[in-house]
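Only one structure is covered here, and it is reproduced in the block below.
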Amino acid sequence: MSESQGNKEITSRSKDYSQWYNDIVIKAGLADYSPVRGCMVIKPYGYAIWEKMQSVLDSAFKATGHQNAYFPLFIPKSFLSKEASHIEGFAKECAVVTHYRLINDPNGNGVVVDPEAKLEEELIVRPTSETIIWSTYRDWIQSYRDLPILVNQWANVVRWEMRTRLFLRTTEFLWQEGHTAHATSEEAVEETRKMLDVYADFAENTMAMPVFKGVKTENERFAGAIDTYCIEALMQDGKALQAGTSHFLGQNFAKAFDVKYLTQEGTQEYVWATSWGVSTRLMGALVMTHSDDFGLVLPPVLAPIQVVLIPVGKNVQLESTRAKCKELASELKALGIRVKLDEDDKKSPGWKYSEYEMLGVPLRLVIGPRDLENQTAELARRDTRQKEIVPCDGLASRINETLDRIQAELLQKARAYRDSHTYKVDTMEDFEKVLDSTGGFILAHWDGTSQSEEAIKEKTKATIRCIPLHQEKEAGVCIYSGKPSMGRVVFARAY
RNA sequence: CGGUCAUUAGCGCAGCCUGGCUAGCGCACCUGUUUUGGGAACAGGGGGUCGUAGGUUCGAAUCCUGCAUGACCGACCA
């Protein structure tokens with residue numbers, strides 16, 4: 001049964017896509033629900049994947065000249081009032097700290113908030129850190145010699161969302177936020193685009209997830225930004241997912257926090273800013289890009305375990321196959337491959353096969369008595385679920401090659417899916433037809449007005465995910481209003 | 001924040017409608033034996049504030065009310 005019909009503990013994608021996603025996250029041990037509404041516990045296996053992501057991204061940030069720092073979790077309420085559109089974007093989802101002490105309830109019901117311990121000024125749990133960082137940058141920046149400032153922080157943030165999903169939208173989530181300050185607009189724009197490229201490279205080369213790069217429309221733009229650049233990925237249910245954003249903030253925050261620098265010519269100028277971030281939402285993207293009805297599928301670069309070795313046999317035979325596995329495991333380890341040897345003799349081999357498929361381990365190596373005789377091993381790929389018998393000779397290099405191939409083929413497969421679900425559409429009728437059948441990205445003409453954008457969203461629930469960065473010039477008419485348009489934009493229903 | 005549904009052992013569920021012996025079942029767990037190439041078999045065993053707070057009642061897992069958490073739908077959302 002489990003050979004062909006998926007894991008019995010996981011709801012199939014075709015039956016209930018949302019439930020499938022939840023099942024994978026829970027059953028693969030990525031995360032658990034917590035006692036706090038909308039929050040989650042990221043479990044060791046899930047966190048190990050996040051740590052891999054962090055380490056690749058962190059290296060890329062360092063390679064582009066950034067340094068890590070850490071700013072406070074709490075932000076004085078007054079800071080958030082300084083940039084009007086910024087606060088407008090976040091006000092509705094901020095957690096507020098009002099008191100600093102608990103006391104024993106006089107009625108004996110545990111502890112209660114001490115009404116005497118009210119804060120002078122309330123503190124906001126950061127939904128993002130622009131305000132506290134720019135209030136700090138004011139002290140750091142005097143002259144052009146202090147610029148640029150290229151800082152990143154790894155942190156948690158809180159946004160009080162109405163409706164949450166594990167990893168995709170949680171009340172508290174982990175992310176990195178880069179905040180840079182520059183002398184010129186050009187330099188800041190260049191930084192914004194550079195970091196977008198870092199994200200796109202990461203998505204494709206590390207996560208094996210193809211993305212569209214583009215610019216957000218005014219409606220979808222970050223509160224307080226001049227331009228928001230983004231990478232957009234397509235999930236297996238035909239819905240788009242914003243996987244990362246990079247904002248050109250202009251001088252909005254410099255003006256709000258009065259951050260000026262002295263130029264070489266001796267004049268005072270406002271500083272130019274960027275900010276950019278990706279979050280644990282990427283974990284959700286990873287799940288929904290590659291996984292199947294048997295469980296998680298991980299690209300080898302991110303897999304905490306790249307190869308699992310399973311000895312098969314009984315009694316004396318098991319002793320020998322186990323010894324052979326041990327020998328191979330240390331050989332692979334020496335090459336830097338992340339291996340796990342599963343010696344548990346309380347679990348049957350079949351049970352283990354299913355288990356490691358659920359966990360998304362890219363390769364499974366099984367050694368049984370027959371293999372010992374023939375000096376072979378059974379090598380099974382998680383992504384294709386193909387098994388082959390291979391000679392033990394040269395096994396390590398074969399495994400290395402196969403891991404590389406899996407990484408490349410996962411990207412190819414995801415790109416083929418994305419491309420075959422990207423449609424050029426010229427009428428509202430076809431537009432809705434696509435959305436109601438397979439879903440996917442829709443390239444269509446748009447007249448550039450918020451009214452048309454809103455009307456399309458109202459009618460179809462699809463939004464403009466981005467205006468492609470390298471938009472082809474093509475004369476056409478807006479799919480909604482019939483007014484002239486100079487190029488196509490990317491529409492989709494989105495997470 | 002509104003609607004619907006759910007919450008009983010680590011997990012999945014039955015029991016509730018029609019209140020009443022010691023709250024059951026499957027998986028998992030522990031012991032032992034046999035097993036081991038796709039989620040093994042048998043025997044024995046341990047594990048429960050029935051989400052929570054009240055109410056009705058001689059008696060509540062069961063009926064009523066509030067609250068909490070989750071799922072789905074809607075509104076909301078960089």
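Note that the structure is a prediction, hence the values are computed from the model and not measured. Here is the naming used below: chain letters follow the sequence lines, and residue numbers restart at 1 for every chain.
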Euclidean distance, atom NZ of residue A:K314 to atom C1' of B:A40 [Å, nearest integer]
13 Å
At 4.0 Å (heavy atoms only), tell me whether A:K216 reaches a base, stays on the sugar-phosphate, or touches nothing.
nothing
Could you check whether A:W276 gets within reach of a base, just the sugar-phosphate, or nothing at all, counting any heavy atom under 4.0 Å?
nothing
Atom pair distance, as rounded to whole Å: NZ in A:K324 and P in B:G37
21 Å
Has the side chain of A:R163 got a donor or acceptor atom sitting under 3.5 Å from an opposite partner on the base of B:G70?
no
B:A68 versus B:U22 - spacing of their C1' atoms, nearest Å:
32 Å
P atom, B:U7 versus B:G12: distance in rounded Å?
11 Å
So what does A:K461 hit on the nucleic acid, given a heavy-atom distance under 4.0 Å: a base, only sugar-phosphate, or nothing?
sugar-phosphate
Return the orientation label for the A:F253 and A:H86 ring planes: parallel under 30°, perpendicular over 60°, tilted otherwise.
perpendicular
Salt-bridge test for A:R382 and A:D292: reply yes if a basic N is under 4.0 Å from a carboxylate O, no otherwise.
yes
Length of the line joining A:N22:CG and B:C73:P, which is rounded to integer Å:
11 Å
Looking at every strand, decide which applies to A:G38 at a 4.0 Å heavy-atom threshold: base, sugar-phosphate, or nothing.
sugar-phosphate
Check: B:G38 base within 3.5 Å donor-acceptor of A:E355 side chain
no
Does any N or O donor sit under 3.5 Å from an N or O acceptor when you compare the side chain of A:K387 with the base of B:G38?
yes
When rounded to whole Å, the NZ to C1' distance for the pair A:K346 and B:A41 reads 15 Å
Using purine N1 to pyrimidine N3 plus N6-O4 or O6-N4 for Watson-Crick, or N1-O2 and O6-N3 for G-U wobble, each under 3.5 Å, what pairs with B:C29?
B:G45
Any base atoms under 4.0 Å from A:S18, or only sugar-phosphate, or nothing? Heavy atoms, all strands.
sugar-phosphate
Indicate the ring-plane relationship of A:F222 and A:H247, choosing parallel, tilted or perpendicular according to the 30° and 60° boundaries.
parallel
5' precedence on RNA chain B between A:K347 and A:R221 (nearest-nucleotide basis):
A:K347
Report the distance from atom CZ of A:R385 to atom P of B:G39, rounded to the nearest whole Å.
12 Å
With rounding to whole Å, what would you report as the distance between B:G51 and B:A61 at their P atoms?
10 Å
Distance-only donor-acceptor check, side chains A:E454 and A:S452, under 3.5 Å:
no
Using purine N1 to pyrimidine N3 plus N6-O4 or O6-N4 for Watson-Crick, or N1-O2 and O6-N3 for G-U wobble, both under 3.5 Å, which nucleotide pairs with B:U18?
none
Got a donor-acceptor contact below 3.5 angstrom from the A:Q176 side chain to the A:V278 backbone?
yes
Pair partner, B:U35 [Watson-Crick or wobble, under 3.5 Å]
none
For nucleotides B:U31 and B:G37, find the distance between their P atoms and express it as a whole number of Å.
22 Å
How close or far is atom C1' of B:U35 from atom CG of A:L318, stated in whole angstroms?
11 Å
B:G24: pairing nucleotide in any strand, Watson-Crick or G-U under 3.5 angstrom
B:C13
Take atom CD in A:E343; do more than 12 heavy atoms of anything else shown fall under 6.0 Å from it?
yes
Want to settle it: does A:V36 or A:Y353 sit nearer the 5' end of RNA chain B, counting the closest nucleotide to each?
A:Y353
Integer angstrom distance from the C1' of B:C16 to that of B:G39
34 Å
Say we look at B:G15 and B:C50: how far apart would their C1' atoms be, to the nearest angstrom?
11 Å
Check the distance between B:C77's C1' and A:F173's CZ and give it to me in whole angstrom.
12 Å
State whether a side-chain donor-acceptor pair under 3.5 Å links A:N252 with A:Y270.
no
B:C77: pairing nucleotide in any strand, Watson-Crick or G-U under 3.5 angstrom:
none
Checking base pairs now: Watson-Crick or wobble, both atom distances under 3.5 Å. What partners B:A6?
B:U69
Measure OH/A:Y33 against P/B:G10 and give the value in whole Å, please.
19 Å
Between B:A60 and B:G19, how far apart are the C1' atoms? Round to whole Å, please.
6 Å
Now, which nucleotide makes the Watson-Crick or G-U wobble pair with B:U56, with each of the two distances under 3.5 Å?
none
B:A23 versus B:A6 - spacing of their P atoms, nearest Å
25 Å
Just to be sure I understand the rule, does A:R281 reach a base, reach only the sugar-phosphate, or reach nothing, if contact means heavy atoms closer than 4.0 Å?
nothing
